[in-house]
**Q** 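Right, I'll just put the structure down here and ask away after.
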Amino acid sequence: DGSLVTYIKIDGARQIIGEEEYRHIIDQAVVKIGARFDRPGHAMQIYFTRNPERIHEELRAMIRPNQLSAKNTGLEIDDIFEERARHLPNYLSWEEIYLVAWTRPSALSKTELKREAENNRKKKWVRAMDAQNPLTAFEGLRNRHDSFVNGLSAAFMELGIQNKVMEVHDALFAVRTNLLQTGVNSRWRACLPGDPLPPRAPESMTDMSDVLWPPLRRQISTTSARVINDRVVEFGQYLWAGVDMTLAPMEPAPFPKLLSRLLESKTPFRVSFLIEGGGVQGATLRSFLASLMAVTNPENRQIKDALDALNELSRSEPVVKMRISFATWAPKGEMALLEERVSTLIQAAESWGYCQVSQLSGDPLDCVMSSALGIACASTAPAAIAPLAEVMKLLPWQRASSPFQNGSILLRTPDGRVWPYQTGTNITTTWFDLVFAQPGGGKSVLMNTLNLGTILTAGVSRLPYVAVIDIGPSS
């Protein structure tokens, strides 16, 4: 439809977030990005996934550079690497957070929209009904979209939330990986306009689809889906079940409260927060009908009063539409395990600020896809209309971020998120580690681990000089 979309990788917070920092982030987020959502046209999806089962393959990928360094320096410590790969998954879980920014044609005025539609009709392109068309985007949206994306990224940086605008190929790799929740070859790249055309023989003399770039839907989704029942879908290697939030939290609670209820059970899940601008404008018809029917029963009067209150509130702060969708999965043939995980997810969600969720959506596949990363700016969850400040309280602000993208030392947060650390980089040209604990608390073990991490730095070809002065058996 001419919309533009950009993917932003959210690494997490660069500081320890307590109550004071949490309130500061909420207040400043509303101030810095609220102006983008006071009218229709812009939307953003906050996507969070946590998968304890995926940490095995990701952990081996993190350890691989250390193994190469050990081989280059002649260290025979394969048993240490094997022990880490076998033992650490008991304490770690794979997490990813993304922000997907959408700019819709509704951001344009009627005159601009008419002009863009006319310009698109004048663009010449070959007949290719089943291929990508790089000319379908509305050019008039580009400046608005660039400003929106840059504003979001800069605002999050100012709030201490580390993020990075993703290159298109990397973004589509993330979409495919999170869609299937299985390992995708690291060399996989989507074929996009500007890339070399894949060699294929044309099957039609009038349609050039076979000699142009294949459609994205065919590249991203490479497996079929099968509806098992009205709640479960078989897709890829897993059985999937989706859950929609039908009643927003009455008392918005921080995201860690939801996460803490899912940690012990090690339930893999993903959640999508779809936030759209112009919440009050979208309820104009509903407000009008409620006014007409207010005399018939008290419920209509309450609806009218609530919408009037939101309309009054929208004059001083942004009021948005919000949809929240969840999904969980289990291996094929493990229907009982899937039902157990769905039950755990529902109980955790409903205790998160006293909200209500449901598995009934009419289309179980559409319900599962509502929580997917950046597939569409839509959801089967009903839209809730709320002040942006209340919506911001629900988002995963408190996830810790390491300044290092990779590191030979793998630390972890208390809730099991991987926190890589690396000494001797351009980020830490000079550093001091102060380690304190009671006797027998593991000080020497930690310091020796840091020394081993320095020795196993990626790219090392010979052993560095390390001096140790310590007293006791652990030295």
Side-chain angles (χ1 to χ4, degrees), residues 8-34 44-52 54-55 91-100 152-164 178 245 248-275 320 322 324-326 344-345 348-355 371 373 386-405 410-421:
I8 301 175
K9 177 71 179 294
I10 304 294
D11 292 323
R14 294 177 294 183
Q15 59 182 330
I16 298 176
I17 297 180
E19 284 293 330
E20 183 177 348
E21 292 82 5
Y22 174 67
R23 288 193 297 269
H24 173 75
I25 288 176
I26 300 302
D27 295 339
Q28 291 302 308
V30 173
V31 172
K32 294 179 183 298
I33 70 176
M44 69 176 180
Q45 177 196 24
I46 306 296
Y47 172 89
F48 177 91
T49 183
R50 183 179 176 92
N51 188 357
R54 187 176 160 190
I55 191 62
Y91 303 94
L92 300 176
S93 183
W94 183 253
E95 283 187 15
E96 285 186 309
I97 309 174
Y98 294 93
L99 186 151
V100 186
L152 284 177
S153 180
F156 281 113
M157 280 294 190
E158 292 173 6
L159 294 173
I161 307 298
Q162 192 166 316
N163 67 88
K164 178 183 178 181
N178 283 277
M245 183 173 289
M250 290 180 284
E251 298 178 4
F255 186 80
K257 290 190 176 181
L258 169 67
L259 192 59
S260 63
R261 292 175 170 85
L262 296 167
L263 291 180
E264 292 184 4
S265 62
K266 294 189 175 181
T267 300
F269 75 100
R270 68 188 186 197
V271 57
S272 166
F273 303 84
L274 182 59
I275 303 169
V320 299
M322 175 189 68
I324 302 179
S325 298
F326 303 85
T344 302
L345 181 59
E350 291 189 337
S351 62
W352 181 40
Y354 308 105
C355 60
S371 60
L373 171 62
L388 183 60
E390 298 298 309
V391 174
M392 289 294 170
K393 294 178 181 179
L394 305 174
L395 302 183
W397 302 107
Q398 298 88 343
R399 309 313 296 151
S401 168
S402 170
F404 306 96
Q405 292 295 325
L410 297 181
L411 306 178
R412 66 182 176 94
T413 63
D415 52 16
R417 188 179 191 191
V418 181
W419 206 92
Y421 176 70

**Q** To the closest 0.5 Å, what do you measure between CG (Leu394) and CZ (Phe255)?
**A** 10.0 Å
**Q** Donor-acceptor check, side chain of Trp352 to backbone of Ala253, threshold 3.5 angstrom: yes or no?
**A** yes
**Q** Can you give me the closest heavy-atom contact between Leu259 and Glu95, atom names plus distance?
**A**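 For Leu259 and Glu95, the tightest heavy-atom pair comes out as CD2-OE2, 4.2 Å.
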**Q** Once rounded to the nearest 0.5 Å, what's the spacing between atom CD of Gln28 and atom CD1 of Ile33?
**A**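 With rounding to 0.5 Å, CD (Gln28) is 11.5 Å from CD1 (Ile33).
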**Q** Tell me, do Ile8 and Met44 make a side-chain contact under 4.5 Å, heavy atoms counted?
**A** no
**Q** Looking at CE of Met245 and CD of Glu350, how far apart are the two atoms once the value is rounded to the nearest 0.5 Å?
**A** 9.0 Å
**Q** Measure the spacing between CG of Leu345 and CG of Leu258 and express it to the nearest 0.5 Å.
**A** 7.5 Å
**Q** Taking C-beta and beyond as the side chain, do Gln405 and Asp11 meet within less than 4.5 Å on heavy atoms?
**A**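 Yes - at least one pair of side-chain heavy atoms lies under 4.5 Å apart.
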**Q** Please name the pair of heavy atoms, one in Ser272 and one in Ser371, separated by the smallest distance, quoted to 0.1 Å.
**A**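 Where Ser272 meets Ser371 most closely, the heavy atoms are CB-CA, 3.7 Å.
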**Q** Where is the tightest heavy-atom contact between Ser265 and Thr344, given as atom of each residue plus distance?
**A** OG-CG2, 3.5 Å
**Q** Please test Arg412 against Leu410 for side chain to side chain contact (heavy atoms under 4.5 Å, CB included), starting from the C-alpha separation and ending with a verdict.
**A** CA-CA 7 Å; Arg412 66 182 176 94; Leu410 297 181; over 6 Å; no
**Q** What are the two closest non-hydrogen atoms of Ala248 and Cys355, and how far apart are they?
**A** C-CB, 3.8 Å
**Q** Check step by step if side chain to side chain contact (heavy atoms under 4.5 Å, CB included) holds for Glu96 and Arg270.
**A** CA-CA 9 Å; Glu96 285 186 309; Arg270 68 188 186 197; over 6 Å; no
**Q** Tell me, with the steps shown, if Lys32 and Phe156 meet side chain to side chain contact (heavy atoms under 4.5 Å, CB included).
**A** CA-CA 9 Å; Lys32 294 179 183 298; Phe156 281 113; over 6 Å; no
**Q** I'd like to know if the side chain of Arg417 and the backbone of Ser401 have a donor-acceptor N/O pair within less than 3.5 Å.
**A** no
**Q** Measure the CD1-CE distance between Ile46 and Met322 for me, rounded to the nearest 0.5 Å.
**A** 12.5 Å
**Q** Search all heavy atoms of Leu262 against all heavy atoms of Phe269 and return the closest pair with its distance.
**A** CD1-CE2, 3.5 Å
**Q** Please report the shortest heavy-atom distance between Asn163 and Ser153, naming the atom on each side.
**A** OD1-OG, 2.7 Å
**Q** Could you please spell out the steps behind the side chain to side chain contact (heavy atoms under 4.5 Å, CB included) verdict for Trp397 and Glu21?
**A** CA-CA 10 Å; Trp397 302 107; Glu21 292 82 5; over 6 Å; no
**Q** For the OH atom of Tyr98 and the NZ atom of Lys9, what is their distance to the nearest 0.5 Å?
**A**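 Between atom OH of Tyr98 and atom NZ of Lys9 there are 4.5 Å.
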**Q** Could you please spell out the steps behind the salt bridge (Lys or Arg N to Asp or Glu O under 4.0 Å) verdict for Glu251 and Lys257?
**A** CA-CA 12 Å; Glu251 298 178 4; Lys257 290 190 176 181; over 6 Å; no
